[in-house]
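Read the structure below first, then the notes.
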Amino acid sequence: MIVVLLGAPGSGKGTQGMPLAERFGLAHVASGDMFRDHLNAGSELGLLAKSYMDKGELVPDDVTIRMVLDRLSWRNAAKGVILDGFPRTLPQAEALDQALAGQSKRVDVVPYVVVSTDELLRRLGGRWICRATGHSYHVASNPPQTPGVCDLDGSELYQRADDSIDVARTRLQVYFEQTEPVVDYYRGRGVLTEVNGEQSIEQVYDELVHALEGSPVH
Ligand code: AMP
């Protein structure tokens, strides 16, 4: 099963992607996490990506497509994947389709987590993330038990540099200009399922599970 999890920055898809992948035995492939891993490793790709990420802009399609398609060829992706944060542009969506078609596969289901713009800005401003595994918290709606410490693994929480309000605004603008056409692309193909992202984390998760279970290949 190939799942593309769509949603604006701050829609909560980062919180849902990993548990959803575990439940369905799929690999979780998150392009933003891959860029951050490259950056932590000090690779050339990481440094290139940082120059775009810091401004809230998209990393160019050619490097992004190469990185993600390479990841899809790993053995642990053979049973299926949840793509999280990719594709974010029409050329990325087309490149993905072309690569999958070459293996007689296709994108099976595209859950789209819908959240209003005001709510997205509010969420991005208060987001804290765990350094070890990326668990996400929010100062108001999902605070950790001890400020600055992850409930699940005790590691330090930090605020992403690109969550500052100016960069968050740019990320949303980029999302509306470049990624919303991808929503329409999948809607036109009949694989899009809208999920209300303004519910509790558990309710959003349940709707996402329902969307995946409703997929013809499940
Ligand atoms: P995310 O963690 O998904 O919010 O991604 C963080 C940043 O990584 C984005 O703001 C972009 O700069 C970059 N990025 C992640 N995925 C992509 C993608 N599919 N295409 C281009 N840039 C991306």
Side-chain angles (χ1 to χ4, degrees), residues 2-18 20-21 27-41 43-72 81-100 107 110-113 115 117 119-121 123-138 157-183 185-186 197:
I2 310 285
V3 181
V4 169
L5 190 53
L6 280 183
S11 64
K13 74 187 164 48
T15 306
Q16 304 285 355
M18 180 68 94
L20 209 55
H28 179 232
V29 175
S31 44
D33 289 349
M34 294 174 78
F35 285 131
R36 280 184 288 276
D37 287 346
H38 274 283
L39 184 57
N40 291 336
S43 77
E44 211 173 298
L45 173 58
L47 289 175
L48 173 82
K50 180 177 164 36
S51 62
Y52 294 93
M53 292 167 83
D54 283 352
K55 289 184 279 185
E57 293 170 5
L58 295 185
V59 179
D61 279 339
D62 55 345
V63 276
T64 306
I65 290 168
R66 211 174 317 129
M67 176 183 78
V68 175
L69 293 188
D70 175 66
R71 175 67 185 81
L72 293 186
V81 287
I82 293 191
L83 284 160
D84 178 349
F86 180 94
R88 258 175 157 99
T89 65
L90 278 180
Q92 291 180 15
E94 285 159 2
L96 176 64
D97 273 351
Q98 211 180 348
L100 291 175
V107 172
V110 183
Y112 172 39
V113 183
V115 173
T117 310
E119 177 65 10
L120 292 172
L121 279 169
R123 287 187 187 181
L124 289 171
R127 181 156 78 163
W128 287 80
I129 296 173
C130 139
R131 230 178 247 295
T133 43
H135 299 119
S136 184
Y137 297 86
H138 188 276
L157 301 181
Y158 74 104
Q159 278 200 297
R160 273 173 49 172
D162 60 353
D163 278 349
S164 76
I165 199 70
D166 287 346
V167 179
R169 272 185 203 286
T170 306
R171 287 167 67 206
L172 286 182
Q173 197 182 344
V174 165
Y175 172 80
F176 291 122
E177 284 170 12
Q178 303 198 52
T179 309
E180 277 211 330
V182 176
V183 174
Y185 177 83
Y186 288 122

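These numbers come from the heavy atoms of this one structure, side chains and all, not from hydrogens, waters or symmetry mates. Keep in mind the model is a prediction, meaning the values are calculated, not measured. Positions are given from 1 along the sequence. Each ligand, and each atom within it, is numbered from 1 in the order the structure gives.
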Straight-line distance of Thr117 OG1 to Glu119 CD, nearest 0.5 Å: 10.5 Å
When rounded to the nearest 0.5 angstrom, what distance separates CZ in Arg88 from CG in Leu6? 10.0 Å
Please find the pair of heavy atoms, one from Leu172 and one from Ala8, that lie closest to each other, and give the distance. CD2-CB, 4.2 Å
For residues 47-59, which residue pairs pass the salt bridge (Lys or Arg N to Asp or Glu O under 4.0 Å) check, not counting sequence neighbours? Lys50-Asp54, Lys55-Glu57
Under a 4.0 Å heavy-atom cut-off, what residues line ligand 1? Ser31, Gly32, Phe35, Arg36, Met53, Glu57, Leu58, Val59, Thr64, Gly85, Phe86, Arg88, Gln92, Arg160, Arg171
Carboxylate-amine/guanidinium contact Asp33 Arg36, below 4.0 Å: yes
Mark yes when over 12 heavy atoms from residues, nucleotides or ligands other than Met67 sit less than 6.0 Å from its CE; otherwise mark no. yes
